[in-house]
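A short worksheet on the structure shown next.
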Amino acid sequence: MAVMKFGGTSVGTARAMQQAITIVATKKKERAPLVVLSACSGITNKLIRIADAAGLSRLDEAMAIAGEVRRHHLDLLDELVKSPAVKEELTVAVNLLVGELELLVKGVDIVGELTARSMDMFCSFGELLSTTVFAAAMKEQGHDALWVDVRKVMVTDDNFGFARPIQALCEANALSMIKPLLDAGTTVITQGYIGSSKAGKTTTLGRGGSDFSAALLGAWLDENAIEIWTDVDGVMTCDPRLVPEARSIRVMTFTEAAELAYLGAKVLHPDTIAPAVLKNIPVYVLNSLHPQAKGTLITDDPRMLSGMSYGGLVKSIAVKKGQCIINVRSNRMFGRHGFMNELFDVFSRYGVSVEMISTSEVSISVTVDDRSFNEELIRELKTFSDVEIEHNVATVSVVGDNLRMSRGVAGRIFSSLKDVNLRMISQGASEINVGFVVEEHDVAIAVNTLHREFFSGQETAGIFEIPAGSR
Ligand SMILES: Nc1ncnc2c1ncn2[C@@H]1O[C@H](COP(=O)(O)OP(=O)(O)O)[C@@H](O)[C@H]1O
Ligand SMILES: N[C@@H](CC(=O)OP(=O)(O)O)C(=O)O
């Protein structure tokens, strides 16, 4: 059976949540599914603002935002739940959770310090609240459904903010705690994104981590499908917010999907694919607002991929904004060894991840996420080289099977972009992407131009679909 993950937009309003319940109820007719939910959209951001305000002793601000979180969920349940008795019970449950959140605010305010550990505790309330409302509404509608606290199953290391699950332990937990319920016909409703350390402290898997939770649970339970329900018709040829003509991709390989996710396509969390590959479980990306739309199938099954993925076929364009180029130039690079080692050692010591790289005899350019930009690191680089920084740039990557090997793709990319100021071109080793960097204000023109170049032809019909829910 399937693990069904619903993202923030699919549970963010009463209408969206009701739609998700209907989708789960339809699936349940075949066999009870495991349902993994994110927080209602916008709530995790609010929880982070609450935590920051509490850490800075801005108690009134933190409490006011906690009040907004309470109001959102009380309004949600009020619209979704009909029976006064269930409404009352659920109001108590929501107030209890928000009460705990407020207690945490006061604790952090008194101590005057926000730690990574307490930040994870704050962030966990979004998923705890959304699943509480969803499970009660499902039960009220006559479905055999049970709310399960995923922290009993998802045991992680204590790397708060980016915890990694202890796989063997989690697999045993999933098989002993969740599987018997599913086998007995009970739909299990649980949280994505959160877990618990061995010592019982709440952890999170990193922003957007609910996809990862669902994929892991699917692999541990040996399910035969992982369904990621979101607000667009699957993985698309580009973010439809940037390219209104974007089409949905019918079928793609695990490698294409993973690469796209790493390169910035927000629709999938980058870690989602690995557990699916391990057990060869197909991943479906589907639209909860248009459940009849075909969405995207991610698989390595050659029968499904036949005619849908071949060398040189451009599948999608990914964009990562908020990047920064660091240009490093030194005569010491010329004909000498050890320079790169010295350079990357600095990045490694400051824990800054390098994304794109381009080199020449005497200079090297790298991109890093602007949020990880570090003045100390730059000062250290300047002790042995000349350094120039360019903020507000974006990486754009064209992804498709075997792109590098196919003649003409790079030529088409760069000749179509002749009027765009390319700040850097990546000569990376990946066979399946060609990447470059542009200033952020050039992103829209660059991606729309590329999209016209690669996706306006008739020859791709059947591989790409005009989305059913097109805006
Ligand atoms: N290649 C892409 N295909 C589809 N959606 C994309 C792509 N790149 C970026 N997106 C964006 O990802 C959004 C869905 O991700 P997200 O907001 O995290 O959903 P959820 O709340 O369901 O987890 C879409 O609304 C879309 O704007
Ligand atoms: N709620 C978490 C986890 C998550 O995966 O959310 P979403 O599925 O809405 O991207 C976050 O906002 O990071």
Side-chain angles (χ1 to χ4, degrees), residues 4-13 16-17 19-20 36-49 69 119-120 122-131 150 161-163 191-195 203-216 227-250 252 256-257 259-272 285-290 293 295-296 298 314-321 394 396-400 443 447 450-451 455 464-465 467 469-471:
M4 309 174 83
K5 179 261 173 177
F6 291 86
T9 40
S10 302
V11 292
T13 61
M17 204 179 257
Q19 174 82 300
V36 176
L37 302 185
S38 297
C40 301
S41 60
I43 294 296
T44 308
N45 287 346
K46 279 195 199 287
L47 294 167
I48 292 172
R49 281 173 51 213
V69 170
M119 179 58 101
D120 273 2
F122 276 106
C123 286
S124 68
F125 283 97
E127 273 69 12
L128 293 173
L129 282 161
S130 65
T131 48
V150 84
F162 196 70
Q191 307 77 35
Y193 176 57
I194 68 173
T203 56
T204 66
L205 307 182
R207 292 304 306 271
S210 297
D211 294 348
F212 185 36
S213 306
L216 287 167
E227 297 181 356
I228 307 291
W229 290 86
T230 183
D231 64 343
V232 285
D233 281 12
V235 183
M236 304 182 72
T237 48
C238 192
D239 185 343
R241 284 182 224 179
L242 285 172
V243 179
E245 293 77 31
R247 305 198 194 166
S248 49
I249 302 166
R250 293 285 311 282
M252 62 198 309
E256 285 170 337
E259 190 89 350
L260 206 55
Y262 279 112
L263 294 169
K266 192 170 170 270
V267 65
L268 264 190
H269 186 277
D271 292 331
T272 315
V285 182
L286 301 157
N287 190 346
S288 67
L289 311 173
H290 295 273
T296 301
I298 304 168
V314 171
K315 275 286 176 62
S316 189
I317 303 161
V319 176
K320 233 187 223 181
K321 288 189 181 170
V396 179
S397 310
V398 177
V399 176
V443 164
V447 294
L450 280 177
H451 200 272
F455 299 108
F464 306 102
E465 290 266 325
S470 58
R471 292 146 200 258

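Ligands are counted one by one from 1 in listed order, and the atoms in each one are counted from 1 as well. Keep in mind it's a predicted model, so treat the numbers as computed, not measured. Keep in mind that the numbers below use all heavy atoms, side chains included, and drop hydrogens, waters and symmetry copies.
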- Query: Is T230 close to N287 at the side-chain level, that is, under 4.5 Å between some pair of heavy atoms?
  - Reply: no
- Could you list the atoms of ligand 1 found under 4.0 angstrom from a heavy atom of G234? 3 (N), 4 (C)
- Taking side chain as C-beta onward, heavy atoms only, is S316 less than 4.5 Å from I249? yes
- Task: Would you mind checking if K5 and D211 are paired as a salt bridge, meaning a charged N to carboxylate O distance below 4.0 Å?
- Result: yes
- Less than 4.5 Å apart, any side-chain heavy atom of V447 and any of V319? yes
- Query: Counting each atom of ligand 1 from 1 as listed, which ones have a heavy atom of G8 under 4.0 Å away?
  - Reply: 20 (P), 21 (O)
- Query: At a 4.0 angstrom heavy-atom cut-off, what protein residues surround ligand 2?
  - Reply: K5, G7, G8, S38, A39, T44, E127, Y193, R207, G208, G209, S210
- Given K5, R241, R247, which one has a non-hydrogen atom that is nearest to atom 13 (C) of ligand 1? R241
- Note on the structure: In terms of its nearest heavy atom to atom 14 (C) of ligand 1, the top option of T230, T9, I228 is T230
- Message: Going by the rule ring pair (Phe, Tyr, Trp, His ring centres under 6.0 Å), which residues pair with Y193 if we only count those two or more places apart in sequence or in a different chain?
- Response: none
- Task: Going by heavy-atom distance to atom 6 (C) of ligand 1, choose the closest among V267, V243, I249, I317.
- Result: V267
- Query: What are the atoms of ligand 1, with element, lying closer than 4.0 Å to any heavy atom of M236?
  - Reply: 1 (N), 2 (C), 3 (N), 4 (C)
- Which of the numbered atoms in ligand 1 are below 4.0 angstrom from a heavy atom of A265? 1 (N), 8 (N)
- Query: Is any NZ, NE, NH1 or NH2 atom of the basic residue among R250 and E465 found under 4.0 Å from an Asp or Glu carboxylate oxygen of the other?
  - Reply: yes
- Near V235, which atoms of ligand 1 are under 4.0 Å from a heavy atom of that residue? 3 (N)
